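A short write-up of the structure that comes next.
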Amino acid sequence: EINKPTPRVDGPTKVAGLATYAGEFHPDGLAYAAWVPATIAHGRIDAVDVAEALAAPGVLAVLTHENAPRLPFEPIGPPVVDPDVGEQIRPLQTTEIRFAGQPVALVVAESQTAARDAARLVRVTETATPGVGLAFDPERAHAPGEATDTPPATTAHAEPDGDISDDGAMRTESTVEQPRIHHAAMEPHVTIAAWDGDGRLTLWDKSQWVGNVRHQIARNFGLADDHVRVISPFVGGAFGSALRTWPHVAAAAVAARVVGRPVRLELTRRELFTAVGYRPRTRQTVKLTARPDGHLLAIDHTAFAETSAYEDYEEEVTEPAGALYDAASVTTRHGIVALDTNTPTPMRGPGVVTGVLALETAMDDMADALALDPLDFRRRNDAERHPTSGLPFSSKALRACYDVGAERFGWAARPRARRAMRHHGELVGYGMATAIWPSHRAPSSAAVTLFDNGTAVVRTAASDMGPGTYTSMTQVAADRLGLPVERVTFELGDSKLPTAPVHGGSLTMASVGNAVASACEALRTELAERTGGEAGDDPVATLRELRLDRLEVEGRAAPGGEATHHAAYAFGAVFAEVRVDAELGTVRVPRLVGAYDGGVIVNPLTAKSQAIGGMVQGIGMALMEEAAWDERLGRVMNADLAGYHVPVNADVETLDATFVESADYTFNPLGVKGIAEIALCGVAPAIANALWHATDRRIRTLPFTPDRLIAANALD
Ligand code: MOS
């Protein structure tokens with residue numbers, strides 16, 4: 001069943017509207033909450049007048065820092081999805097205001113409308129005080145995890161015999177800026193909280209990691225983990241926004257405790273812009289040094305990113321500089337700039353997508369300086385071993401990605417000259433970029449139950465935010481049990497199921513998938529032992545011979561020593577065609593071709609869907625997405641889907657995604673590498689490079705909107 005195109009097992013349920021998302025549960029007596037946001041970016045709450053709101057129809061309670069129960073907030077070692085340094089805001093526990101939009105009061109009412117209406121009647125008196133500032137000024141950058149006056153440190157790697165002082169060396173310097181961008185998933189974040197009479201809490205919550213929500217909320221309230229249950233069977237897109245346990249989850253549980261009824265807290269689209277993180281704005285400079293024959297000598301990458309004043313969020317922006325190309329010297333610097341704003345969070349391909357944007361822009365700048373074809377230049381610098389660690393790659397099929405991608409795109413037809421292709425008044429350009437994403441594994445477990453009627457149920461506390469986890473895990477189990485896919489049911493999204501790691505970082509299949517395989521193998525072993533060592537190929541027949549109606553076995557999988565001996569990455573090559581209306585400055589992308597090395601592809605159908613989804617996001621990143629930051633008020637000015645543009649159907653034309661022959665059994669037994677983030681990586685720089693080719697103008701600030709093309713004199 002592995003590598004067979006398999007339609008989504010949950011497809012009919014979803015299409016029929018029968019899939020119950022977190023916000024669609026309806027416990028008896030449900031009440032609704034709405035929050036009141038702080039309007040200033042930094043300061044304190046002086047007073048909250050709740051009288052008018054309390055008198056409004058249907059209102060059950062108005063919670064503020066004055067009357068909300070004090071929670072113990074027991075210390076928690078930061079989960080891997082949280083910044084190492086700093087702490088989230090504690091809702092309704094303090095008078096401190098750290099960002100505009102921070103919840104300062106919560107209204108609970110009989111209906112959502114009543115709660116939102118009454119929230120507008122809460123009068124909050126605030127006093128603004130000086131904070132760290134609202135301007136993204138890299139001059140103020142500090143080293144992540146260090147005091148704010150500690151300058152970013154330089155990390156340098158140099159091969160002992162590396163010669164970077166070649167006389168005829170060519171040098172380029174490329175700076176790119178990318179704005180804050182948001183996950184903007186269709187499904188908003190919702191938490192429904194219900195307490196039972198024994199002080200046990202059930203949360204229905206949009207989450208990529210139910211185990212973490214359980215643990216964190218248990219610590220917030222001083223409960224044992226097993227007194228909290230988190231249910232999240234379907235997730236309508238998340239891209240990282242549902243990795244952390246955000247303050248609104250605890251707020252919903254507080255509200256439910258106070259009113260003695262289940263409470264539903266749904267964030268409005270506007271609130272999502274301050275409540276669940278974003279990809280931080282960056283300014284990056286990549287300096288390259290290369291010999292005239294096209295061999296890179298040195299890569300120097302400096303990246304500045306925004307963070308909040310209360311948490312040092314950092315991501316792997318400079319990792320690709322030390323992983324992608326063979327250069328004797330790699331120097332990196334990463335500084336973060338604290339603003340009076342909410343904390344950024346991982347968004348699909350965190351750090352790496354951002355770093356590759358700068359690196360792949362620089363690679364085209366250098367190819368041009370050397371008068372080399374951009375693809376040829378990259379091929380010449382392909383690294384045989386991981387450049388900075390010296391480790392061999394667990395597998396690497398990047399050359400195949402270049403070959404297959406170039407062939408499918410027709411790269412050979414690209415003229416060297418820029419602004420050389422036109423079609424019906426449009427300027428046409430071709431560009432490409434390399435993609436990379438580090439493959440990760442985390443300890444996982446799964447339980448499999450085989451029944452004598454020839455069906456099986458597999459269970460684990462994983463999530464499926466859309467990639468098709470339900471389906472691909474079903475395939476793995478069916479494959480290992482020798483059953484058809486239709487006879488296997490997969491359950492996830494409930495914290496009472498066997499432990500699973502975060503559904504992020506493209507690690508679910510390499511982690512949970514191997515636990516599922518291992519549980520199935522453990523079941524076969526158990527059957528063999530019970531029959532005295534003679535279990536045939538058919539576990540159901542063996543079960544019947546043993547006169548058992550069912551057998552349940554748990555399996556685990558965890559990373560071995562492979563990470564110390566090998567560097568594991570997914571790779572890709574992305575090719576873009578852009579067309580620019582030479583009068584209006586509008587840019588469209590008629591064609592994207594992506595060829596990916598993702599290891600074994602468990603389900604080519606959902607993998608393709610995953611890949612074209614990443615391409616669509618890449619089009620958004622290159623051409624549309626931008627949170628317009630008002631640095632006087634500390635607010636995103638376009639905090640809704642009317643002002644924050646994402647690609648719609650009409651913006652997306654031909655997307656061609658293929659996976660090259662690849663299997664990585666060094667990295668993990670299933671041979672997979674993870675394919676979520678890699679699909680977004682490289683798309684924006686491929687479009688940037690194609691735009692340069694089309695217009696002969698290098699625009700270094702994303703997104704590439706008509707005003708920027710006009711300002712760059714890119715039109716006729
Ligand atoms: Mo992804 S940013 O790890 O959800």
Side-chain angles (χ1 to χ4, degrees), residues 1-16 18-20 233-235 444-494 497-498 500 503 508-524 526-527 535-544 549-555 557 598-611 613 659 663 668-676:
E1 300 299 334
I2 287 178
N3 201 232
K4 253 200 216 165
T6 306
R8 288 176 193 255
V9 296
D10 52 340
T13 310
K14 281 185 169 172
V15 172
L18 299 173
T20 313
F234 294 97
V235 175
S444 307
S445 55
V448 56
T449 312
L450 184 69
F451 297 90
D452 63 353
N453 66 358
T455 63
V457 176
V458 186
R459 292 147 59 237
T460 170
S463 302
D464 182 350
M465 67 172 138
T469 309
Y470 274 110
T471 311
S472 54
M473 294 294 165
T474 302
Q475 290 174 261
V476 171
D479 186 82
R480 292 301 196 262
L481 294 171
L483 294 175
V485 162
E486 303 73 42
R487 309 226 115 206
V488 178
T489 308
F490 191 78
E491 291 175 9
L492 55 67
D494 187 333
L497 301 175
H503 180 48
T508 297
M509 185 48 78
S511 308
V512 180
N514 281 299
V516 169
S518 135
C520 295
E521 277 142 31
L523 185 124
R524 283 178 177 272
E526 171 88 25
L527 285 172
D537 279 347
D538 182 351
V540 178
T542 312
L543 194 71
R544 288 179 187 146
D549 67 343
R550 73 185 65 191
L551 182 61
E552 176 168 330
V553 172
E554 200 162 311
V600 168
I601 300 303
V602 173
N603 186 346
L605 207 55
T606 51
K608 178 165 184 178
S609 161
Q610 169 90 285
F659 293 90
N668 67 100
L670 280 174
V672 301
K673 295 213 267 192
I675 53 170

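From a predicted model like this one, the values you see are computed outputs, not experimental measurements.
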Asp537 CG to Arg524 CZ distance, which is reported to the nearest 0.5 Å
6.5 Å
Could I get the full list of ring pair (Phe, Tyr, Trp, His ring centres under 6.0 Å) partners for Phe490, not counting sequence neighbours?
none
Output all residues satisfying side-chain contact (heavy atoms from CB on, under 4.5 Å) with Ala477, sequence neighbours left out; order by chain, then residue number.
Val458, Val488, Val516, Cys520
Kindly write out the residues that satisfy side-chain contact (heavy atoms from CB on, under 4.5 Å) with Thr13, not counting sequence neighbours, or none if the list is empty.
Leu18, Ala19
I'd like to check Met509 versus Met473 (side-chain heavy atoms, cut-off strictly below 4.5 Å). Are they in contact?
yes
With sequence neighbours left out, write down each residue that passes side-chain hydrogen bond (donor to acceptor under 3.5 Å, both in side chains) with Asn453, or none if nothing qualifies.
Thr455
Is any side-chain heavy atom of Thr469 less than 4.5 Å from a side-chain heavy atom of Val512?
no
Thr508: partners by side-chain hydrogen bond (donor to acceptor under 3.5 Å, both in side chains), with sequence neighbours left out:
His503
Nearest 0.5 angstrom please: Leu523 CG to Leu543 CG, how far?
8.0 Å
Check Ala517 against Leu670 and note the closest heavy-atom contact, atom names and distance.
CB-CD2, 4.5 Å
Using modelled atom types and a 3.5 Å cut-off, is there a donor and acceptor pairing between side-chain atoms of Ser444 and backbone atoms of Ala500?
no
Minimum-distance pair of heavy atoms, taken over all atoms of Val476 and Gly513:
CG1-O, 3.7 Å
Heavy-atom nearest pair, Lys608 first then Phe659, reads N-CE1, 4.1 Å
Not counting sequence neighbours, which residues clear side-chain contact (heavy atoms from CB on, under 4.5 Å) with Ala557? List them please.
Arg441, Asn514, Ala515
Between Asn668 (side chain only) and Val672 (backbone N and O only), is there a donor and an acceptor less than 3.5 Å apart?
yes
The criterion is side-chain hydrogen bond (donor to acceptor under 3.5 Å, both in side chains); which residues satisfy it with Arg8, sequence neighbours excluded?
Ser609
Inter-residue atom distance Asp494.CG - Ser463.OG, 0.5 Å rounding:
10.5 Å
Closest heavy-atom pair, Ala519 versus Ala446, reported as atoms and distance to 0.1 Å, is CB-O, 3.6 Å
Where is the tightest heavy-atom contact between Asp452 and Val540, given as atom of each residue plus distance?
O-CG1, 4.0 Å
Using side-chain contact (heavy atoms from CB on, under 4.5 Å) as the criterion, list what pairs up with Ala676, not counting sequence neighbours.
Ser506, Gln610
Does anything in residues 510-523 form a salt bridge (charged side-chain N to carboxylate O under 4.0 Å, His left out)? List the pairs, not counting sequence neighbours.
Arg480-Glu521
Exam field: side chain Arg550 to backbone Ala456, donor-acceptor pair closer than 3.5 Å:
no
Locate the shortest heavy-atom distance separating Tyr470 from Asp464; write the atom from each residue and the value.
N-OD2, 3.0 Å
Those residues at least two apart in sequence (or on a different chain) that pass salt bridge (charged side-chain N to carboxylate O under 4.0 Å, His left out) with Arg459 are Glu491, Glu552
Please tabulate, for side-chain N and O atoms in residues 600-607, each donor-acceptor pair with protein atoms closer than 3.5 Å (sequence neighbours left out).
unit_1	atom_1	unit_2	atom_2	d
Asn603	OD1	Thr6	N	3.0
Asn603	OD1	Leu605	N	3.0
Asn603	ND2	Thr6	O	2.8
Asn603	ND2	Gln475	OE1	3.0
Asn603	ND2	Thr606	OG1	3.3
Thr606	OG1	Asn603	O	3.3

Asp479: which residues meet the salt bridge (charged side-chain N to carboxylate O under 4.0 Å, His left out) condition with it, sequence neighbours left out?
none
